Amino acid sequence: MFSRTWQHSSCLCSSFALDNSSDATVTGTTYFPANALVNITNEYSSIDTDTLPAFCRVELTITTNTTANSSCKTEVWLPDDWNGRFLAVGNGGFGGGATVAELGYIAVNQSFARVSTDTSHTSAANVGDWAGPRNDNAIVDWAWRALHLSVVAGKEVVQQYYNQTAQKAYYLGCSTGKPSSLKEVQMFPDDFDGVVVGSPANWQTHVNSWGMHLAQEVQPSDSAHFISRHTWVDQCDSLDGLADGIISDPRSCHFRPETLTCGPGQNTSTCLTVPQLEAFHRIYSDYYETNQTWIFGRYYPGGEEKYPDGNVDTVPKGADWFRYFVLKYELNRFSIRMVIQQYNASVIEIADSIDPGQTNAIDANITAFAGRLTMANCCNIPGGSFHYHDTVDVFTRAHTEMDTDDFYRLFTVPGMNHCYGGFGANAFGGVEQASNGMPPVSFDPEHNILAAIVQWVEQGEAPSSLIAAYYTDNNATNGVGFTRPLCQYPKALQYNGGDNTTASSFSCV
């Protein structure tokens, strides 16, 4: 543990300069005493709180490509009471902006020195037009380069600020920050000792293809096969022994949507029409294309409440990807509807051949990574997590004497939306949870996934399960509604009887 008086830290922070660095320049420093107001906003993230311990905010500009004259803006937050560890976090979606909320609510609150970057552009998570037309250099920065260079520079900032090297380095993130995080594991295995990834979109060319496929099944919104928010249905609730509105293991759910077919004169908002049934069957099946090429896994039952906000909505996430990253259209040349209509198998082949920015992080050989990898997955794209885990497991069994569980573990989070929220136990220390009012009930390794990866790396105690909490109305101020274990894949949650609000009444089987 490293600690300074606030007078010393304030002086050091205001005068801090990064020595002997040709690629990174300090552009600003701000010292925040304990409980000072921290009000920072960018296109991607914001924080407004007076609850944080004292820290120094260092802002950097890092050259990412000298020839292209490109750079990223990066922030390093340095707590007075430093635990000797370094932590990096990735962005979600197409987001361009340091994740200042997570820098504060997770890193500083737990005494980590932490780095985050805008990945060399400015945008919200759902806006990808910065990649066009033909802005290939920016795509590479977003995919992996900006994060890697920020980690290198951030570690140097930590070393010079505290006058000592971080003992261990960790990564914590969720969603499309995962191409960059898994790229780190695959391309730069020495950058981190422990990595936590959530709901990864690491196979970008296929997850976005899957999104366009789903959009074609239900679009346009005025078609007979469009499925409105109110029509999505939950199935298989009681398979885990408890009817609580949560499907603990969607892999075991094989329902017949025909039982919901609209009868003569029935209100179609309460049932499924024949065109909707046909779309349902394709959506809940694995996606294959020409010559039975597997593209991506199926939608899984249990996440229907949030499906309309994702790939089956009127604006699928893959539209900007194909417009600007793959097909390199001029800005706004084609409408989203036109992009959906034009999508076909040949577009997947183009995407795979280009692999824009080398975003695909699907290498199954991660044996060079000497650290520990933990993945927590929710309802939206579990097929990607299962597939990557299984490919790594197969490679490891076929080519080494290692046991995958010794370095890579996957945990499922039933009923959680994408990264946070939902109806299940969704608070376990992941990104975007504390910043949205759902912190872990404790910072100990049993309840906090960051502490769990630290314990695994530094003490050799691997997690076999975690305990997550659901706060009433997803707000910690309302108290804990219930707790549940998060099971290590391929195990699933089972209710044993007793008080269904406590984790002890459940087991992983």
Side-chain angles (χ1 to χ4, degrees), residues 126 206-237 239 245 247 250-323 327 334-349 351 378-384 415 417-418 422-423:
N126 60 348
H206 280 217
V207 72
N208 284 299
S209 297
W210 175 65
M212 297 301 287
H213 160 71
L214 295 177
Q216 283 188 331
E217 293 298 334
V218 298
Q219 295 295 329
S221 57
D222 55 1
S223 68
H225 51 91
F226 181 73
I227 303 171
S228 72
R229 175 183 298 274
H230 304 292
T231 311
W232 289 98
V233 293
D234 293 322
Q235 299 284 331
C236 307
D237 183 7
L239 288 178
I247 301 175
R251 296 169 300 166
S252 301
C253 181
H254 303 286
F255 72 96
R256 293 185 65 249
E258 288 80 4
T259 61
L260 303 172
T261 304
C262 294
Q266 186 175 353
N267 184 341
T268 56
S269 67
T270 64
C271 54
L272 296 175
T273 65
V274 172
Q276 288 174 329
L277 283 170
E278 293 172 348
F280 254 72
H281 275 294
R282 289 188 289 269
I283 287 170
Y284 283 97
S285 300
D286 280 12
Y287 174 32
Y288 290 87
E289 267 295 351
T290 307
N291 299 323
Q292 285 298 295
T293 301
W294 187 86
I295 305 300
F296 209 73
R298 63 187 178 100
Y299 250 156
Y300 280 78
E304 290 83 359
E305 190 269 347
K306 271 295 178 179
Y307 285 171
D309 293 334
N311 288 312
V312 295
D313 200 0
T314 54
V315 184
K317 297 297 187 291
D320 273 5
W321 166 266
F322 281 104
R323 282 199 290 185
L327 301 177
F334 292 106
S335 68
I336 289 176
R337 176 175 289 197
M338 291 178 66
V339 174
I340 295 172
Q341 292 171 344
Q342 292 175 343
Y343 172 77
N344 56 53
S346 67
V347 178
I348 306 175
E349 295 177 2
C378 63
C379 60
N380 295 74
I381 47 176
N417 291 338
H418 191 54
F423 302 111

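Remember, it's a predicted structure, so these values are computed and weren't measured experimentally.
Taking CG of L272 as the start and CZ of F280 as the end, the distance is 5.0 Å to the nearest 0.5 Å. In this structure, NE2 on H206 lies 13.0 Å from NE2 on H213, to the nearest 0.5 angstrom. In this structure, M212 CE and N344 CG are separated by 10.5 Å, a value rounded to the nearest 0.5 Å. With values rounded to the nearest 0.5 angstrom, R282 atom CZ is found 10.5 Å from L277 atom CG. Between S252 atom OG and L239 atom CG the span is 6.5 Å, to the nearest 0.5 Å. Between atom CD of residue E289 and atom OG of residue S209 there is a gap of 8.5 Å, rounded to the nearest 0.5 Å.
The two residues H281 and S285 come nearest to each other via the heavy atoms O-OG, 2.6 Å. The two atoms that bring N208 and F322 nearest to each other are O-CE1, 3.5 Å, heavy atoms only. A pairwise comparison of heavy atoms in T259 and R256 identifies OG1-O, 2.9 Å as the closest pair. The minimum heavy-atom distance between P275 and A224, with the atom names listed, is CB-O, 3.8 Å. Between G245 and D237, the closest heavy-atom pair is N-OD2, 2.7 Å.
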Inset, instruction - Step by step, work out the side-chain contact (heavy atoms from CB on, under 4.5 Å) result for I348 and Y287. - result: CA-CA 12 Å; I348 306 175; Y287 174 32; 3.6 Å; yes

Inset, instruction - Under the side-chain contact (heavy atoms from CB on, under 4.5 Å) rule, what do R298 and Y300 come out as? Steps first, then yes or no, please. - result: CA-CA 6 Å; R298 63 187 178 100; Y300 280 78; 3.7 Å; yes

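Between the side chain of W210 and the backbone N or O of G297, at least one donor-acceptor pair lies under 3.5 Å.
Side-chain contact annotation: Q216 with H225, donor-acceptor N/O pair under 3.5 Å absent.
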